[in-house]
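This report concerns only the one structure given below.
Quick note: numbers below take in every heavy atom, side chains included, and nothing from hydrogens, waters or symmetry partners. Here is the naming used below: chain letters follow the sequence lines, and residue numbers restart at 1 for every chain.
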Amino acid sequence: MRECGITDDRLFGFVDGLDETLDEHVAGCDECQTFLADLWIGEAPHDFTEPVLRQIRFDEFLVAAAKLGIDVLGAMGRAFIELSIESDDS
Amino acid sequence: MGQTDKRWLELTDAELVAQCQHDIGAFGEIVRRHQDFVYGAALRVVRNPTIAEDVAQEAFVRAYKALPEFRYESQVRSWLYRIATNLGLNAVTRRREFPQTELPEFRPEPSPERRVERVMLREHFDRAVQELSEDLRTPLVMREYEGMTYQQIADATGLPLNTVRTRILRARRALRSAMEAWR
């Protein structure tokens, strides 16, 4: 029995989807999470590390590219306005 | 398991979060450390291995983007749990609203270095398994080597389902200690 009072059987029921009342408790209980972490060892079907890092890098690239695109458009706009003013002056 | 930078191994989760600002590799260690847990949490909600993979992966990506909002008084594991569970619930809702046909799974081939690493890990793992007591080893071998479900193991051994789970849990804890020494 854990200090929080939740038994192994209740946690097994929670894992099996038979006890949804534990949702909020488990989300905040380190003891129960430790039990589940042990229960779920080896459950991930493959290593997520590389796909996750690849996705993060790609997202960051898109953000940077979008910012660069805005900068380029802004610079083109400013150049266009300046050129227009200059041609009006002449 | 994937290759990992040795300098991250000694750090706590909170220290890794702090390091993420300078080096994305630190976040890789967070993923490596918690991926089974996050996948398990996702699978519990979505009840579909393929969707659980997507949810788990997305949970880590969302977590990385939300790192500036991470409050150091909370546990990284709890934080990941909430993100994965919420994403899982969203996926379940979406699936009800827009049912889809499942695509066949794609599994990338591991690199030669990764294969060697796995072989070495496996050898050490096998030795550690041999040192377990019989009552722990039998259900563990059925689960890890033969890929049986908890229920199949219970049927095969005549043990109650939760006894099987508890024994596998204890066996994994013993193995983890053995593998820690190797690492």
Do Asp30(A) and Gln75(B) get their side chains close enough for a donor-acceptor pair, meaning under 3.5 Å? no

Within one Ile-Leu-Val-Met-Phe-Trp-Tyr cluster: [X] and [Y], side-chain cutoff 4.5 Å:
X: Leu175(B); Y: Trp40(A); value: yes
X: Ile56(A); Y: Phe58(A); value: no
X: Val92(B); Y: Leu43(B); value: yes
X: Val26(A); Y: Ile41(A); value: no
X: Leu67(B); Y: Leu11(B); value: yes

Based on non-hydrogen pairs under 4.5 Å, which of [options] is most in contact with chain B?
options: Thr34(A), Asp8(A), Leu36(A); answer: Thr34(A)
options: Asp16(A), Leu53(A), Val15(A); answer: Asp16(A)
options: Ala27(A), Gly17(A), Ala37(A); answer: Ala27(A)

pair Phe27(B)-Val52(A): side-chain heavy atoms closer than 4.5 Å: yes

Are Phe12(A) and Leu161(B) close enough that some pair of their side-chain heavy atoms sits under 4.5 Å apart? no

Does any heavy atom of chain A fall under 4.5 Å from the side chain of [X], the backbone, both, or neither of them?
X: Ala41(B); result: both
X: Arg173(B); result: side chain
X: Arg82(B); result: side chain
X: Ser78(B); result: both

List in chain and number order the residues that pass salt bridge (charged side-chain N to carboxylate O under 4.0 Å, His left out) with Arg54(A), two or more places apart in sequence or in another chain; answer none if no residue qualifies. none

Test of understanding: with salt bridge (charged side-chain N to carboxylate O under 4.0 Å, His left out), list the residues that count as partners of Arg10(A), not counting sequence neighbours. Asp19(A)

Count the heavy atoms belonging to other residues, nucleotides or ligands that lie under 6.0 Å from [atom1] of [X], then report whether that count exceeds 12.
X: Arg170(B); atom1: CZ; value: no
X: Glu24(A); atom1: CD; value: no
X: Phe80(A); atom1: CZ; value: no

For chain A, which of Arg47(B), Glu58(B), His34(B) has the most heavy-atom pairs under 4.5 Å? Arg47(B)

Please confirm whether the backbone N or O of [Y] pairs with a side-chain atom of [X], one donor and one acceptor, at under 3.5 Å?
X: Asp38(A); Y: Leu169(B); answer: no
X: Gln35(B); Y: Phe48(A); answer: yes
X: Arg32(B); Y: Thr49(A); answer: no
X: Asn162(B); Y: Asp9(A); answer: no

Salt-bridge test for Glu20(A) and Arg44(B): reply yes if a basic N is under 4.0 Å from a carboxylate O, no otherwise. yes

Ionic contact status for Glu31(A) with Arg77(B), cut-off 4.0 Å: no

From CD (Gln33(A)) to CZ (Phe37(B)), nearest 0.5 Å: 4.0 Å

Kindly compute the distance separating OH (Tyr64(B)) from CZ (Arg57(A)), expressed to the nearest 0.5 Å. 9.0 Å

With sequence neighbours left out, write down each residue that passes side-chain hydrogen bond (donor to acceptor under 3.5 Å, both in side chains) with Gln57(B), or none if nothing qualifies. none

Would you please go through residues 16-24 of chain B and name the residues with a non-hydrogen atom below 4.5 Å from one of chain A, in numerical order? Ile24(B)

Segment of Asp59(A) engaging chain B (4.5 angstrom heavy-atom cut-off): side chain

